[in-house]
There are 2 protein chains.
Amino acid sequence: MSLTHIQSFVAVAEEGHVGRAARRLHLTQPPLSRHILALEDELGTRLFERTPRGMRLLPAGEAFLRHARRILAEVDAAVHTVRGVTAGRQGA
Amino acid sequence: MSLTHIQSFVAVAEEGHVGRAARRLHLTQPPLSRHILALEDELGTRLFERTPRGMRLLPAGEAFLRHARRILAEVDAAVHTVRGVTAGRQGA
DNA sequence: AATGGTTACGGATCCCGTAACGATC
DNA sequence: GATCGTTACGGGATCCGTAACCATT
C-alpha cells in the first residue's frame with residue numbers, strides 16, 4: 001500500500017475510466033491499471049467492477065474511497081502544518 | 001512522501017534513536033536515516049535535532065508527528081473497513 | 001575509542017512506457 | 001473493428017545493506 005496507489009485509486013474512482021485517470025495523473029494506462037490491481041490484491045477484494053464502458057465502484061470500493069480521501073487530505077494537512085510551523089519561526 | 005517514510009519518522013520520534021528504531025522496523029540504520037533526511041528535505045525543514053544521545057523532536061517534528069499518527073491510523077482503518085465490507089458479503 | 005548519525009558504493013528490486021493481447025460491443 | 005482494460009518485456013531509477021566516515025564525549 002502506497003500513497004501513489006491511493007491517489008491512483010481516487011482518480012480512477014472519480015473518472016470511472018483508467019484512460020482518463022491516467023491522463024489526469026500524467027501517466028499511461030498500464031501502470032495505473034497495475035496500481036489498482038495491486039491494491040485489490042493487497043486488500044484481497046475487487047474494488048471496481050469492469051464494465052465495457054470503464055470502471056464502476058463496488059461497495060468495497062466505495063468504502064475504501066471515503067478513507068482514501070481522508071488519508072490524502074490528512075497528508076496535505078501535515079505538509080501545510082509543518083510549513084506553517086516553520087514560517088511562524090521565520091523559515092529555518 | 002511515502003507511507004514508509006512516515007512509519008520511519010514515527011518510529012524514530014518514539015525511540016529518539018535511529019538505531020533502536022531501525023531494529024524495531026527490522027531495518028539497518030542507513031536506510032532509516034535516509035528516510036528521515038528525505039522527509040526533511042521534502043518538507044524543507046529539520047524535524048529532529050541531532051544530539052550526541054540521539055534524535056530529539058523539533059517543534060516542526062512534533063506538529064508532523066500528530067498528523068503522521070493520524071495518517072497511519074486512517075490507513076489501518078481503511079484496510080479494516082474494506083475487509084469488513086467484504087466479510088459482510090460473504091467473502092468474494 | 002565508543003557511540004550515534006551520515007555518506008559511498010554495488011547489486012537486487014521496482015516501476016514506468018512501448019508493444020502486444022483479450023474481451024466486449 | 002473500436003474501445004477498454006490487462007499482460008509481456010526491457011531499461012532506468014530506486015532502495016537496501018555493507019563498509020567507511022565524521023562528530024561528540
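Residue numbers begin at 1 in each chain, while the letters A, B, ... track the order of the sequences.
Each salt bridge (charged side-chain N to carboxylate O under 4.0 Å, His left out) pair with one or both residues in residues 17-32 of chain B, not counting sequence neighbours, appears once here: B:Glu14-B:Arg24, B:Glu15-B:Arg20, B:Glu15-B:Arg24.
When rounded to the nearest whole Å, the span between CD of A:Gln29 and P of C:dA19 equals 14 Å. C:dA2 atom C1' lies 12 Å from atom CZ of B:Arg53, rounded to whole Å. The interatomic distance linking A:Met55 (CE) with D:dT3 (P) rounds to 19 Å, in whole Å. The distance from atom CG of B:Leu47 to atom P of C:dG5 is 15 Å, rounded to the nearest whole Å.
Under a 3.5 Å cut-off, the side chain of B:Arg56 and the backbone N or O of B:Gly54 do not form any donor-acceptor pair. A donor-acceptor pair under 3.5 Å is absent between the side-chain atoms of A:Glu49 and the main chain of A:Leu58, judged by distance alone.
Side chains of B:Phe9 and B:Leu57 form a contact here, defined as non-hydrogen atoms less than 4.5 Å apart. Looking at A:Ile6 and A:Arg69, their side chains never come closer than 4.5 Å, going by heavy atoms from C-beta outward. Here the side chains of A:Ile36 and A:Leu47 are not in contact, with every heavy-atom distance at 4.5 Å or above.
No salt bridge links A:Glu40 with A:Arg34; every basic N to acidic carboxylate O contact stays at or beyond 4.0 Å.
Within the structure, every side-chain polar atom (N or O) of B:Arg50 is placed at least 4.0 Å from both OP1 and OP2 of C:dG4.
Contacts between residues 8-15 of chain A and DNA chain D, defined by a heavy-atom separation below 4.0 Å, involve no residue at all. A heavy atom closer than 4.0 Å to some atom of DNA chain D occurs in A:Ser33, A:Arg34, A:Leu37, these being the qualifying members of residues 33-43 of chain A. Within residues 17-28 of chain B, the residues having any heavy atom closer than 4.0 Å to DNA chain C are, in order of number, B:His17, B:Val18, B:Gly19.
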Exercise. Given the rule in the side chain to side chain contact (heavy atoms under 4.5 Å, CB included) test, do B:His67 and A:Thr81 qualify, once you have shown the distances and angles that lead to the verdict?
Worked result: CA-CA 9 Å; B:His67 287 279; A:Thr81 298; 2.9 Å; yes
For this session: Take B:Leu3 and B:Ile71 through the side chain to side chain contact (heavy atoms under 4.5 Å, CB included) test and state the conclusion after the steps.
Result: CA-CA 9 Å; B:Leu3 291 175; B:Ile71 292 165; 3.9 Å; yes
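Looking at residues two or more places apart in sequence or on another chain, you find a side-chain contact (heavy atoms from CB on, under 4.5 Å) between A:Gln7 and A:Leu72. Applying the side-chain contact (heavy atoms from CB on, under 4.5 Å) test to B:Leu27 and every residue at least two apart in sequence or in another chain returns B:Leu25, B:Pro31, B:Leu32, B:His35.
For A:Pro30, whose side chain is taken as the heavy atoms from C-beta onward, the closest listed nucleotide among C:dT18, C:dT6, C:dC16 is C:dT18.
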